[in-house]
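What follows is a single structure, written as structure tokens, with notes after it.
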Amino acid sequence: MLIARVVVDVPLAHLDRPFDYAVPPELADDVRPGCRVRVRFAGQLVDGFVLELGDTTEHQGRLAPLAKVVSSEPVLTPEVAALARAVADRWGGTFSDVLRLAIPPRRASAEKRPPAEAPEPPPAPDPAGFARYPAGPALLTALAEGRPARAVWTALPGEDWPARLAELCQAALSGGRGALVVVPDGRDLDRLEAAAARALPKGSFVVLRADAAPDARYRRFLDVARGTATVVLGTRAAVYAPVADLGLVAIWDDGDDLHAEPRGPYAHARDVLVHRAHLAGCAAVVAATARTAEAALLLESGWAHELVGNRSALRAASPRVHALGADSELARDPAARTARLPSLAHRVAREALAAGAPVLVQVPRSGYAPGLSCERCRAPARCAVCAGPLGISATPGPGGSRVPACRWCARPAATFDCPHCHGTKLRASVLGASRTAEELGRAFPGAAVRVSGRTSGVLASVPAGPALVVATPGAEPVAEGGYGAALLLDSWALLGRADLRAGEETLRRWMNAAALVRPASAGGQVVVAADAAHPVVQALVRWDPGWLAERELADRRELGFPPATRIASLSGSPEALADFLAALRLPADADLLGPVPEQPRPGQEGVRERYLVRTPRGEGATLAHALAEVQGVRSAKKVPEHVRVQLDPTELV
DNA sequence: TAAAATGCATGT
DNA sequence: CATGCATTTTAC
């Protein structure tokens with residue numbers, strides 16, 4: 001008798017295992033490993049995937065028959081199934097949670113198309129693009145020969161990274177292997193797609209983006225599953241794409257928090273990618289302009305080699321970076337930043353504009369005055385009704401009025417009474433891009449001012465020519481011919497954060513902006529509004545992201561934070577947490593930290609708190625298993641209140 | 001949402 | 001303490 005091992009699509013943790021079903025003779029021709037089926041499960045008809053076919057079962061009782069083969073298309077490949085299982089285990093989630101991210105919803109119409117012919121592999125790429133990196137040509141050769149080379153690539157400032165990543169894919173493809181590249185957002189994906197169109201044969205690659213129409217999304221997924229397209233370019237969910245004969249996985253800007261999956265089991269694209277390279281025995285490239293502590297650990301542990309520019313190439317490519325003194329007015333008072341732009345920043349901007357070049361101005365937040373605080377005691381101003389933060393939006397209200405309002409519940413705050421000191425006046429604690437643009441317009445009359453940010457719309461690029469381009473981090477447009485200068489005005493907001501990653505994240509944002517500036521030899525200058533003695537500022541001035549990443553890693557080791565340790569965050573109501581912890585069998589050397597009250601999220605009710613569980617890195621698997629076990633017991637008992645479990649969450653205070 | 005297991009009142 | 005019926009639990 002033919003038996004199908006089926007993974008059913010139910011979110012219950014205690015049912016996270018395959019179930020055997022008998023294949024009725026009339027379905028035997030259609031059923032295939034990896035295909036979608038419907039089965040009767042606890043009375044209900046549920047969706048599932050066939051993991052494998054066999055002729056034996058461990059199950060004692062009578063096997064139920066498969067109800068239906070939804071489609072014969074093998075969408076769950078053995079390699080992806082193994083990856084999904086590993087990810088679920090590593091992050092304490094369930095297999096079906098991961099599959100929901102990995103396999104897009106089916107669209108029957110897309111399956112009707114006959115599979116296209118796979119294009120011929122291209123020739124190996126010209127290594128000239130990597131000539132400035134001593135280890136570059138060897139990496140290309142390794143990829144073309146199908147060897148599992150692993151690198152942390154730190155791109156030189158001004159690098160045409162989409163072209164380089166396309167060349168890495170071309171190398172893998174020339175050796176007959178597939179490749180997978182993950183980037184943070186749609187704008188980066190557009191650039192990568194354009195570069196791939198130049199370097200790779202037509203039809204050999206597909207672009208997977210989460211915001212694509214369901215039909216197009218499934219069609220492209222099928223191109224990959226059927227093996228017609230062997231290179232996948234995409235955003236974070238693409239780490240699970242079923243690329244045939246995977247030879248290379250790569251990620252761009254792994255420090256960008258868009259790579260952190262906000263849906264369970266909350267796995268980070270870089271970490272999934274590293275797991276995948278391990279399972280598939282393929283090459284891996286963790287690439288960025290800056291460097292994360294996680295990437296530093298990959299180097300330190302010997303898992304990856306460093307791919308960095310040589311000294312002279314770095315000198316030739318870097319802009320000149322100026323920092324301000326510690327006592328500068330600008331460094332201390334955000335409100336003084338633009339209204340009284342320090343003479344240095346003013347001069348640098350004026351010079352660039354006079355030379356006919358655009359100037360990039362990086363500000364921390366979009367909007368007009370997104371953050372407000374009490375004028376007297378400087379405590380952050382909160383909504384009297386829901387305790388959400390007050391702000392002034394970028395778009396003026398009726399009659400051009402700018403009234404403070406709650407950023408969660410949108411209630412206008414006509415009056416303000418500070419709960420700490422009973423002050424009644426508000427001041428801007430954070431200035432937004434719109435406000436900065438307004439003030440710069442006054443400081444440089446005659447210069448065109450353009451804004452790129454979430455609220456006002458993100459620009460992909462700006463033309464050469466004098467203009468002030470105000471952008472929030474991550475929304476900096478690429479300038480044709482490079483920017484003449486960049487002013488980094490968001491220093492205090494970034495460095496002042498209590499966040500564990502504040503230093504690393506600040507350098508990442510600064511470098512991503514500064515990398516768009518022309519080299520110093522072409523007049524490119526960067527002014528950073530922060531104390532020159534600060535290590536993050538030093539790393540920028542010397543353009544040494546590796547040094548800062550090593551320091552960050554050492555700090556985390558000292559403080560006992562990831563990636564040096566493994567930390568699980570447990571959040572929920574106090575009662576649910578108490579219940580959860582009572583059932584949790586902590587690994588022997590685990591610490592339990594907390595509880596700390598959690599900021600209520602918009603639309604969330606009741607008191608929530610959070611515990612952290614810390615274990616040594618080597619105990620991570622034990623911890624994840626123990627957490628999954630408790631989730632299983634709770635789901636079997638049908639405990640109504642959910643406890644959110646996140647392993648190595650990005651935000652750790 | 002189907003079968004099996006369990007709970008519970010009822011009648012001898 | 002068997003029987004019938006309702007409710008809860010299981011999960012192939």
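So you know, we letter chains A, B, ... as the sequences are listed, proteins then strands, and number each from 1.
Base-pair partner of C/dA11: not found among the strands shown (Watson-Crick or G-U wobble, both distances under 3.5 Å). Pair assignment for B/dT1: none, as no Watson-Crick or G-U wobble contacts are both less than 3.5 Å.
A salt bridge between A/Glu504 and A/Arg508 is absent, with no side-chain N of the basic residue lying under 4.0 Å from a carboxylate O of the acidic one.
When rounded to the nearest whole Å, the span between CZ of A/Arg40 and C1' of C/dC12 equals 14 Å. For the pair A/Arg17 CZ and C/dT10 P, the computed distance is 12 Å after rounding to whole Å. Look at CE on A/Met1: it is 14 Å from P on C/dC12, rounded to the nearest Å. Atom CD of A/Gln44 and atom C1' of B/dT1 are 6 Å apart (whole Å). If you measure from atom CG of A/Leu45 to atom P of B/dA2, you get 9 Å, rounded to the nearest angstrom. Across the protein-nucleic acid pair, A/Phe41 atom CZ and C/dC12 atom P stand 6 Å apart, rounded to whole Å. Taking atom CG on A/Asp16 and atom P on C/dC12, their separation rounds to 16 Å, with Å as the unit. Between A/Leu63 atom CG and C/dA11 atom P there is a gap of 14 Å when expressed in whole angstrom units.
No side-chain heavy atom of A/Ile251 sits under 4.5 Å from any side-chain heavy atom of A/Val181.
Checked against the 6.0 Å centroid criterion, the rings of A/Trp91 and A/His275 qualify as a close aromatic pair.
Within the structure, the side-chain hydrogen bond (donor to acceptor under 3.5 Å, both in side chains) test picks out the following pairs touching residues 55-64 of chain A (sequence neighbours left out): A/Asp20-A/Thr57.
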